[in-house]
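Both ligands and their constituent atoms are indexed starting at 1 by order of listing. In this text, all values refer to a predicted model and were calculated from it rather than measured experimentally.
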Amino acid sequence: MTIETNSPEETEAFARKLGEQAVPGQIFTLNGDLGVGKTIFAKGFAAGLGITEPVSSPTFTIVQEYREGRIPLYHFDVYRIEDPEEMEEVGLDEYLFGGGVCLIEWADRIRELLPDDLIRVTIRKNPDRGFDYRQITVEGGPDENSGN
Ligand code: ADP
Ligand code: MG
């Protein structure tokens, strides 16, 4: 699925719907350049789960846990990870199989540590389409895997 947005609010609203439909065990990877809207997406997604506390990029802590919503949200930002082994210290597997939903900003950096069953979200800008334009692609979601 590919959609286009023209404001942070539209991106949040789209992510909110995915958050509303999320089920335990899902792993969403969020890829795209710095400032493209990964954290904006995470904010909307969290709202869809019923989380009201503020969501920001957990760049320094690597992972932030939100337990207030319908199911736990584990929000990662692995931008600063240089060696995949650092993720062992973070306890990645306990989150991946922890009964909540994982949302992983910069997931390509730890790709070899992640299972194959991912919902891959990629956000792209296109300068020709204006400053606030974003193209958001979602691959591997339930829509694609069911009913075939
Ligand atoms: P990232 O986490 O990918 O580094 P952020 O989500 O922190 O990026 O920042 C995205 C920035 O882009 C915000 O300042 C936001 O207001 C801006 N923005 C402009 N248009 C959009 C859009 N259509 N969708 C998401 N963010 C947008
Ligand atoms: Mg971010």
Mind telling me whether F76 and Y95 have parallel, tilted or perpendicular rings, with 30° and 60° as the class edges?
perpendicular

Between [X] (side chain) and [Y] (backbone), is there a donor-acceptor pair under 3.5 Å?
| X | Y | answer |
| --- | --- | --- |
| E89 | E86 | no |
| R134 | V36 | yes |
| Q26 | V23 | yes |
| R70 | G48 | no |
| N31 | A107 | yes |

Residue shell for ligand 1, any heavy atom closer than 4.0 Å, reads T5, N6, S7, P8, T11, D33, L34, G35, V36, G37, K38, T39, I40, E105, D132, R134

In the protein, N/O/S atoms that are found under 2.8 Å from the Mg ion (ligand 2), waters not counted:
T39 OG1, S57 OG, E105 OE1

Using salt bridge (charged side-chain N to carboxylate O under 4.0 Å, His left out), reason through E82 and R80 one step at a time and then give a plain yes or no.
CA-CA 6 Å; E82 282 170 12; R80 284 161 53 90; over 6 Å; no

Among L103, T122, I104, D108, the one residue meeting side-chain contact (heavy atoms from CB on, under 4.5 Å) with L30
L103

In the structure I gave you, are the side-chain heavy atoms of E139 and M1 within less than 4.5 Å of one another anywhere?
no

